[in-house]
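One structure below.
Just so you know, these numbers come straight off a predicted model, no measurement behind them.
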Amino acid sequence: MASSSSSSDRKKIEELRLTHKVARVMYRRLTMEMLKEPLACMAVMALWLFMEELGYPSVISTLLTYQTDILDSAFLEAQSLSHCIVTRTEPPSSLLDMPITLRLIHAVGSRRFIPLKNLFQHGTIPYIKVQNMLKDVCGALFEDIFTEAMSSRNNTTNTTVHSQRLFDEICNSSSSPAVEEPQAVRVITPPSERTMLVTFSREFPITTEDHVREYFVVMHGDCIERIDMQDPKPPQRRSMGAKIILKDSETIDEILGGKESVRLLINGLHADARRYEVGDSSQQ
């Protein structure tokens, strides 16, 4: 039975590595060509994979096309960001919107970015997801390259030994570290002042309320008080929009970023969001 279990685990690892071939090419480039610290590279890869899971457009394959000096800028930005997520420390303000990475993946002007200040204000879900990506995916995905990179260093410096021990701890750990929910004092405002209207694409309407809720929780933490999906009208079979009552009005300011409306990517589908106005008829 042990042999059968070992064979099954090996098959799963091989399938994982086959699925993420581009990620392995990137990790090898970072560790073997650019000589970046192997564990730091693994944390960066976990972050980039998490970004792709959130809906960023082909982060890894796009960054892979750039020359080393340009890729290095994106790496350093991601390294600082991933360190802040893992250690739950406050990032510098210059990293809040990942400006270098967004420019390189041509997502400037899109709202498809991780709002870093919320990772620290409401960081439970993003922290656990990045930690699990590092532990459950990246450990098996890059272990052989990690070992090769460590061996190629030809030394046993304290940094190298520490990285090896930390890698073993991350990849063999059975559970993620506990994350404490931050306590915040919220100013209660009328629902009309903390409500957004989200309109779905007619060609590809959002299927369920759960998709809308998951998007906002992942991107902005525990921010939703209630979601009212618009009742579909014949011949429509799906809701074409939703009224979202948030727990505070500051979240709306953050989502809109000073604009009257923004385009969101919810479950891979486009939706337009704007502030609700009393008497608005689009959700009647």
Please report the shortest heavy-atom distance between [X] and [Y], naming the atom on each side.
X      : Y      : result
Arg29  : Leu64  : NH1-O, 2.9 Å
Leu16  : Ala140 : CD2-CB, 4.1 Å
Ala242 : Met229 : CB-SD, 3.7 Å

[X] side chain to [Y] main-chain N or O, any donor-acceptor pair under 3.5 Å?
X      : Y      : result
Arg17  : Arg24  : no
Thr65  : Ser61  : no
Thr62  : Val59  : no
Glu193 : Ser249 : no

Requested in this report: Please step through side chain to side chain contact (heavy atoms under 4.5 Å, CB included) for the pair Leu264 and His270, ending with a clear verdict.
Outcome: CA-CA 6 Å; Leu264 310 177; His270 290 295; over 6 Å; no

With heavy-atom distances below 4.5 Å as the criterion, would you say the side chains of [X] and [Y] are in contact?
X      : Y      : value
Ile245 : Asp228 : yes
Arg213 : Ile227 : yes
Phe75  : Cys41  : yes
Thr199 : Gln230 : no
Thr251 : Met196 : no
Met45  : Val137 : no
Glu53  : Met133 : yes
Lys36  : Val44  : no

As an exercise, state the distance from [atom1] of [X] to [atom2] of [Y], rounded to the nearest 0.5 Å.
X      : Y      : atom1 : atom2 : value
Ile266 : Phe200 : CD1   : CZ    : 6.0 Å
Leu197 : Arg275 : CG    : CZ    : 11.0 Å
Met26  : Ile60  : CE    : CD1   : 6.5 Å
Leu30  : Asp72  : CG    : CG    : 9.0 Å
Thr195 : Lys243 : OG1   : NZ    : 6.5 Å
Glu37  : Met42  : CD    : CE    : 9.5 Å

Query raised in the report: Hey, quick one: are Leu35 and Met150 part of the same hydrophobic cluster, counting side-chain heavy atoms closer than 4.5 Å, chains of contacts allowed?
Result: no

Query raised in the report: Shared ILVMFWY cluster between Met32 and Tyr66, side chains joined below 4.5 angstrom?
Result: no

Query raised in the report: Do other residues, nucleotides or ligands put more than 12 heavy atoms under 6.0 Å from the CD atom of Glu225?
Result: yes

Requested in this report: State whether the number of non-hydrogen atoms from other residues, nucleotides or ligands found under 6.0 Å of Glu15 atom CD is greater than 12.
Outcome: yes

Query raised in the report: Is the shortest side-chain N to carboxylate O distance from Arg274 to Asp272 below 4.0 Å?
Result: no

Query raised in the report: Hey, is Asp253 close enough to Arg194 for a salt bridge, meaning N to O under 4.0 Å?
Result: no

Query raised in the report: Using the ring of each side chain (for Trp, its six-membered ring), is Tyr27 parallel, tilted or perpendicular to Phe142, with breaks at 30° and 60°?
Result: parallel

Query raised in the report: Going through the distances and angles, do Phe216 and Val198 end up as a side chain to side chain contact (heavy atoms under 4.5 Å, CB included)?
Result: CA-CA 12 Å; Phe216 282 94; Val198 178; 4.3 Å; yes

Report task. Walk me through it: do Glu143 and Ile13 pass the test side chain to side chain contact (heavy atoms under 4.5 Å, CB included)? Result -> CA-CA 10 Å; Glu143 182 176 13; Ile13 292 175; 5.6 Å; no

